[in-house]
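Just so it is clear: chains get the letters A, B, ... in the order the sequence lines come, proteins before strands, and each one is counted from 1.
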Amino acid sequence: MPIIEMKKVFLLGHEQEKNTIVSALHKMGAVELVDVKEGGSWEDFSRLLEPDRPAEEISELESTLGEIRYCLDFLQRYFPVRKSFVEQFTGSKLSLEREQFEQLIKNRDQLKDVARACREADEKMARLRNEETQARNLIGELEPWASLDVPFAEVKTGARAVRELITVPTDRFELLKQELDSRFPAHYLEPVSADNEYTYCLAIYLVTHSDGIRELFKDAAASTVNFADLDKKAAEEIEETNRRLEALEDNRAAVVEDIEKLLEHRTLLMSCYDHLQAEVEKMAVSDNLARTRSSFLLEGWAPALAIPDLEKKLEQAASTAVVVSRDPEPGEDVPVLLHNKGPVDAYEVVTKLYSTPKKNELDPTPYLAPFFFIFFGICLSDVGYGIVLSLMALFITRKLKLGGMGEQLVKLLFLGGIASIGFGILLGSYFGDLLGLTPLWFNPLDDPMRMLLYCLIIGLVHIYFGMGLQAYRNIKAGRPVDALFDQGSWFIFLNGLVLMAIPETAAIASWLAIGGAAALVLTQGRTQDGVVKKLMSGVLSLYNVTGYLSDVLSYSRLLALGLATGVIASAINAMGGMVAGGIFGTIVMVIVLMGGHLFNIIISTLSSYVHTSRLQYIEFFGKFFEGGGKAFQPFRTSGSYVEINEPEKVEAG
Amino acid sequence: MTELGLEIALLGAALAVGLAGIGSAIGVGIVGQSAAGLVTEDPDKFGQTLLLQALPGTQGIYGLLAGFIIMQQVGIIGGAPLNLTIAQGYAFFMAALPIAIVGLVSGIYQGRVSASAVGLVAKRPEELGKGIVYAVMVETYAVLALLASIMILFGIDLG
């Protein structure tokens, strides 16, 4: 049975043992907890129940969690832990032994110190960055004045003369100079440097002229520059600021070193985060339970098979716990857990990516598995590519500890590789035409129409199978009439249409088609009122034949993708052949072949996977599968950072 | 007497590779822009977004594929160029049109859907599969166009 049978579980316990019991459940991870108050049956007892405990403890833990997250993010900023390309899809966690983990969370009190150290380092870094920016800005401002030979201390207004630094827009400088020369000859204007925008000058003039000259400056859009805090020459000041920058850099390096020292606490932080997270999860359970002063009640769902084990373990953990279970009642929202054995397990990922089946619905996984295998094989259909894909999948399973959907996906690709080898031998493709071996069956490039026909036939089988499953569903649900009329009539009608294409059977087939069509016209409107409406709906239902037609034609993609893989491979081989010759040519050829084929493997595998999935989702599922169920989400440890290796293997639920 | 058949056939090949390639380039570009935006926030999404970015890239490959078959059949690759009649040349040209036109348009639209799927992955990384399915719905028509192109190509009588 691919969908695991679920039972509703009630767990009654003593308030004193609540924490033990919740911890035991959390560790087992076999029960999905639901809110007791949602089931209406407890309304009558609500007077007996104690109010919820205020959530102070939870918010305190959550603020600690926030603190840890801040520290981890801070460390990540300076010393990032990079994830590999594969891990970005599968996630990666730190692997720890249970013993190490327990040891680490005992050092919880260190957290405060670590957090303080992180904060201090963070502040220091911010301060250093700030000073650095200031210094760099200052250097930028000083640079135009670098060749000025007058110390800033002497740039000031004296009793007789004004000395000041001004910047003039370069295009107005000449004009200003002429004006000054003609109107105030007793002045000194030295351009220190100039760029496209401004000319930087030292101006000396008499105090008595200052009003007139200021007016000129204003007209020329010149502005005065002040370095009030500085008194040495510009070049010296620049040198000094540079020295200060170097010192800042040293300080920075020292702080980074301090941060590096904090890195050793990363494991502690991660472990504590996961530990506290689990604590918060456990406390949150309190919101869902019903409680009197000295007892409490939990409600949840568990796989029927796991219940004896659950009872045994809870009895060991707590003496007062009582577990009661019953079958789900109609109308209850039962969570769904899929369980398929052997290679079929891999194809669960296809179903789950679409939707979890509803309760009481068929799990489509075992039915789609063989088709997925074949379709994937036809799309990739190359022996060499299949071998490479399977080996890569094997390598990934060996190298990375995956779980859940990631593992299923890799397994699916491994099986896809095998299928591809099979179809590659049949259709004669070994890295395209690289080896030039003759196909066991025929080469679709020589006779694409024949291959197209096979693809459409296999598609028709797929669609019929989907219809068959819907008929099975109808019969099982006690609606054999629906199965006969809805699926049966279509089956006869479609077969008639198909067989009409073959000359030998055309005569009988046309009667089949007419019979099927008549059955459809007569039955498809049976839910409508009145003869006219019934017949109208019946006739209109014939229009659905276009839907079936486009469904079948959709399988032509199998041919197209298979051809695409093969022809691109041949194109790569041809390109390799063009550069062959001599030692250098051979090296280039090998590079072209390896790079090209690797690229083709990735692209072709991607399109094989997505198009094969699509054929399941649209053409196949559309016939019988609804989905929209709620996946089983047990209450259990789900660490964000750490994965704990249990000393003894825990048996699967 | 030489006729213009070969040139017309090659024009078809050029259009197949060129237009479908433009479609893919625009599509991949659109996805790349939104993907880069997401990765600034969350660098670990690189792998997933790269997968989405690759999706509208297939039109260009299909176009190249059709172009390659034409080049092979008219003898530009691996053999001496054939002396095609104008009618034969047009036959190759017509064969290139489905993937050239549909590749151009579907590449752009698939890029838009994939770019939205990047937004989907940003909020719900576990729903990557559904984002891919949406994008593949668009690609269906490129596959069908490729199929039509290939069918015509293999049906051309060079006798």
Side-chain angles (χ1 to χ4, degrees), chain A residues 76 80-92 349-350 352-355 405 409 444-449 452 455 550 553-554 556-561 563-568 570-575 577-578 599-600 602-604 606-607 609-618, chain B residues 17 39 42-55 57-72 76-79 99 110 121 125-155:
Chain A
Q76 176 75 12
V81 188
R82 292 246 173 267
K83 287 184 182 174
S84 77
F85 189 75
V86 178
E87 281 168 349
Q88 291 182 1
F89 287 96
T90 59
S92 66
V349 66
V350 182
K352 282 190 223 158
L353 277 177
Y354 184 76
S355 174
M405 304 241 290
L409 187 62
L445 273 177
D446 299 336
D447 196 355
M449 290 312 287
L452 179 66
C455 288
S550 71
L553 288 180
S554 180
S556 61
R557 78 184 67 228
L558 293 177
L559 165 70
L561 292 171
L563 285 182
T565 315
V567 176
I568 293 170
S570 307
I572 293 162
N573 291 336
M575 280 191 273
M578 281 179 214
F599 169 77
N600 194 16
I602 293 169
I603 285 292
S604 298
L606 179 63
S607 34
Y609 169 71
V610 294
H611 284 282
T612 307
S613 297
R614 180 229 137 100
L615 286 176
Q616 311 296 334
Y617 294 159
I618 313 292
Chain B
V17 180
V39 170
D42 186 357
D44 287 342
K45 296 255 166 67
F46 177 67
Q48 289 190 325
T49 49
L50 190 69
L51 186 69
L52 288 171
Q53 198 189 5
L55 290 178
T58 34
Q59 279 83 351
I61 296 171
Y62 296 156
L64 179 70
L65 180 66
F68 191 82
I69 297 176
I70 295 176
M71 288 184 251
Q72 212 166 25
I76 288 285
I77 298 177
I99 189 58
Q110 196 175 8
V121 167
E126 70 280 1
E127 300 293 6
L128 172 68
K130 285 170 189 159
I132 292 176
V133 172
Y134 285 136
V136 171
M137 297 303 288
V138 182
E139 182 164 317
T140 299
Y141 305 100
V143 175
L144 295 181
L146 173 69
L147 193 71
S149 286
I150 289 180
M151 288 295 183
I152 302 173
L153 281 175
F154 284 116

Engineer: What part of B:V133 lies closer than 4.5 angstrom to a heavy atom of chain A: side chain, backbone, both or neither?
Structural biologist: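 Contact with chain A involves the side chain of B:V133 alone.
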
Engineer: Of the non-hydrogen atoms in A:H611 and B:V143, which two are nearest, and what is the gap between them?
Structural biologist: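 Between these two residues, the closest heavy atoms are CE1-CG2, 3.7 Å.
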
Engineer: Under 4.5 Å heavy-atom distance to chain A, tell me which part of B:M151 shows up: side chain, backbone, both or neither.
Structural biologist: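 Just the side chain, heavy atoms under 4.5 Å.
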
Engineer: In terms of heavy-atom proximity below 4.5 Å to chain A, should B:L64 be classed as side chain, backbone, both, or neither?
Structural biologist: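 Neither the backbone nor the side chain of B:L64 comes within 4.5 Å of chain A.
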
Engineer: If I measure from the heavy atoms of chain B, does A:R614 come under 4.5 Å with its side chain, its backbone, both, or neither?
Structural biologist: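 Side chain only.
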
Engineer: Just one of A:L445, A:L559, A:L452, A:L563 clears the side-chain contact (heavy atoms from CB on, under 4.5 Å) bar with B:I150, so which one?
Structural biologist: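 Only one of A:L445, A:L559, A:L452, A:L563 forms a side-chain contact (heavy atoms from CB on, under 4.5 Å) with B:I150, namely A:L563.
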
Engineer: Check whether any side-chain heavy atom of A:R557 sits under 4.5 Å from a side-chain heavy atom of B:L147, and report yes or no.
Structural biologist: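 Answer no - side chains too far apart.
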
Engineer: Can you name the closest pair of heavy atoms from B:Y62 and A:A564 and give their distance?
Structural biologist: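 Smallest interatomic distance, heavy atoms only, reads CE2-CB, 4.5 Å.
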
Engineer: Let me know if A:A574 has heavy atoms under 4.5 Å from chain B in its side chain, its backbone, both or neither.
Structural biologist: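 Just the side chain, heavy atoms under 4.5 Å.
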
Engineer: So for atom CZ, which belongs to B:F154, do other residues, nucleotides or ligands contribute more than 12 heavy atoms lying within a distance under 6.0 Å?
Structural biologist: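 Counting other residues, nucleotides and ligands, CZ of B:F154 exceeds 12 neighbours.
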
Engineer: Sort A:Y609 into side chain, backbone, both or neither according to what part of it lies under 4.5 angstrom from a heavy atom of chain B.
Structural biologist: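 No part of it gets close to chain B.
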
Engineer: Kindly compute the distance separating OG1 (B:T140) from CG (A:L615), expressed to the nearest 0.5 Å.
Structural biologist: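 Between B:T140 OG1 and A:L615 CG, I get 8.5 Å after rounding to 0.5 Å.
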
Engineer: Which bit of A:S556 comes within less than 4.5 Å of chain B, counting heavy atoms only: side chain, backbone, both or neither?
Structural biologist: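 Both parts, backbone and side chain.
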
Engineer: Measuring from A:Y617:OH to B:M137:CE, what's the distance to the nearest 0.5 Å?
Structural biologist: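 So the gap between those two atoms works out to 12.5 Å.
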
Engineer: Could you look at A:I568 and say if it's the side chain, the backbone, both or neither that has a heavy atom under 4.5 Å from chain B?
Structural biologist: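 Answer is both: backbone and side chain atoms of A:I568 are under 4.5 Å from chain B.
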
Engineer: What option among B:L55, B:L146, B:I132, B:I61 has the most heavy-atom pairs under 4.5 Å with chain A?
Structural biologist: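 If we count pairs closer than 4.5 Å to chain A, B:I61 comes out on top.
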
